[in-house]
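Written out below as structure tokens is the structure these notes cover.
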2 protein chains.
Amino acid sequence: MKNADSLNFGMQSEIDDKLREHGVRSTVPRRAVLNAAQRRGARFNAEEIYTELRPAGVGRATVFRTLDLLVDMGLLQRLHTDRHCSTYTVCGPDHHHHLVCVRCADVVEISAAAAERAVRAIARDAGYELDSHLLEIRGICPQCQAAARAT
Amino acid sequence: MKNADSLNFGMQSEIDDKLREHGVRSTVPRRAVLNAAQRRGARFNAEEIYTELRPAGVGRATVFRTLDLLVDMGLLQRLHTDRHCSTYTVCGPDHHHHLVCVRCADVVEISAAAAERAVRAIARDAGYELDSHLLEIRGICPQCQAAARAT
DNA sequence: GTGCTTGCAAAGGATTTGCACGCCC
DNA sequence: GGGCGTGCAAATCCTTTGCAAGCAC
């Protein structure tokens, strides 16, 4: 790995802890992927991360492997909006879902207590033992609505 | 197209109407794909349909194109459970979501009025103009629960 | 030192596309 | 008859895998 210094960012120990908590090694490429993801925040895909990190010597496979890892760790979540490639978003540790703007691709985390209750009730009514669920809401964010009105 | 007769099924005129309603032509391959989908009902993918229809001379591309078409028409919906390939399910014309059994792959349609209300409230609270949403609940169906207990 | 991680390149699988032919209306 | 729809095969896209070398602990 050439140019490794450029991949060392702040808050390293925090990232280290998170990785170790999950029983995996803290390596330069992993920190780089996590950092790149966090700088993007909402809505990015593997290719974007790879394009950014490739010059520093990070391989494509590592990006995919690390993204999977981060999803397992609960630091990222996959969005289901796009059909052809996985789209990721950084997210908090607690259970939640996403509101996605169809105009600007902004993503907002929502903790939908009301929806959770509805989901539980639906499963119960159908006699299902609840395992997991997926809720993604698409709409137009306030900023984009304003922009549309201004036109 | 050889062997076209074997692809003509009952309720043809009904299918014809649906296709024409959507402004597309009613063709033998399209009717065949729709019929194969309806006989499966819940949870199938493009490859399964292709395997069934290939001997009758239907091409892979046509299966994919037709499946897309049927989703556009609202006769099918894509499930988001699997990451590596699209899974489809037949569904009614009205807006609804799905309950998917993680054991037996059974799919139940749900018309989740309570969840809809929750979704609308969430969007409104965030200032979003609601566009669409996606709700998929995974769990264990009553039959599989019973089977598990019997073991 | 041990063995988890990595980069590379090649494999893989699902889906799409280009194009000439054929069928629907 | 005109043009949409089709089959075929190749192309493309995203993602995974095999493997030797490298790095973390």
Pairwise distance [atom1]([X]) to [atom2]([Y]) - rounded to 0.5 angstrom:
X	Y	atom1	atom2	answer
A:L69	A:L76	CG	CG	9.5 Å
B:R40	B:N35	CZ	CG	10.0 Å
A:R138	B:H133	CZ	NE2	9.5 Å

Let me know the distance between [atom1] of [X] and [atom2] of [N], rounded to the nearest Å.
X	N	atom1	atom2	value
A:R31	D:dC23	CZ	C1'	11 Å
B:D16	C:dC25	CG	C1'	12 Å
A:N45	D:dC13	CG	P	13 Å
A:E48	D:dT15	CD	P	12 Å
A:Y50	D:dC13	OH	P	15 Å
A:L53	C:dG7	CG	C1'	13 Å
B:R60	C:dG13	CZ	P	12 Å
A:Y88	D:dC14	OH	C1'	10 Å

Not counting sequence neighbours, list each pair that qualifies as a ring pair (Phe, Tyr, Trp, His ring centres under 6.0 Å) and has a residue in residues 101-132 of chain A. none
Rounded to 10°, the helix from C:dG1-D:dC25 to C:dC25-D:dG1 deviates from straight, judged by its five-pair end axes, by 40°
For the side chain of A:V58, counting heavy atoms from C-beta on, which of C:dT15, C:dG7, D:dC14 is nearest? C:dG7
Table of protein N/O atoms under 3.5 Å from nucleotides 17-20 of chain D N/O atoms:
none

Between [X] and [Y], what is the shortest heavy-atom contact and its length?
X	Y	value
B:A37	B:V90	O-CG2, 3.3 Å
B:H97	B:L135	CB-O, 3.1 Å
B:N45	B:Y88	CA-CD1, 4.3 Å

Shared ILVMFWY cluster between B:V63 and B:L75, side chains joined below 4.5 angstrom? yes
Using OP1 and OP2 only, check whether a side-chain N or O of [X] sits under 4.0 Å from [N].
X	N	value
B:R20	C:dC25	yes
B:S86	C:dT15	yes
A:H84	C:dT16	yes

Full working for salt bridge (charged side-chain N to carboxylate O under 4.0 Å, His left out) between A:D16 and A:R30: CA-CA 10 Å; A:D16 274 10; A:R30 281 180 180 164; over 6 Å; no
Could you work out, with side-chain hydrogen bond (donor to acceptor under 3.5 Å, both in side chains) as the rule, every residue matching A:T87, not counting sequence neighbours? A:D82
B:R65 meets the side-chain hydrogen bond (donor to acceptor under 3.5 Å, both in side chains) criterion, sequence neighbours left out, with none
Please walk me through it: do B:S26 and B:R31 pass side chain to side chain donor-acceptor pair (under 3.5 Å)? CA-CA 7 Å; B:S26 171; B:R31 289 192 296 266; 2.8 Å; yes
Please tabulate, one pair per line, each protein N/O and nucleotide N/O from nucleotides 1-5 of chain C that are separated by under 3.5 Å, including the distance.
{"unit_1": "C:dG3", "atom_1": "N2", "unit_2": "A:R25", "atom_2": "NH1", "d": "2.7"}
{"unit_1": "C:dC4", "atom_1": "O4'", "unit_2": "A:R25", "atom_2": "NH2", "d": "3.4"}
{"unit_1": "C:dC4", "atom_1": "O2", "unit_2": "A:R25", "atom_2": "NH1", "d": "3.3"}
{"unit_1": "C:dT5", "atom_1": "OP1", "unit_2": "A:R25", "atom_2": "N", "d": "3.2"}
{"unit_1": "C:dT5", "atom_1": "OP1", "unit_2": "A:R30", "atom_2": "NH1", "d": "3.3"}
{"unit_1": "C:dT5", "atom_1": "O5'", "unit_2": "A:R30", "atom_2": "NH1", "d": "3.2"}
{"unit_1": "C:dT5", "atom_1": "O5'", "unit_2": "A:R30", "atom_2": "NH2", "d": "3.2"}

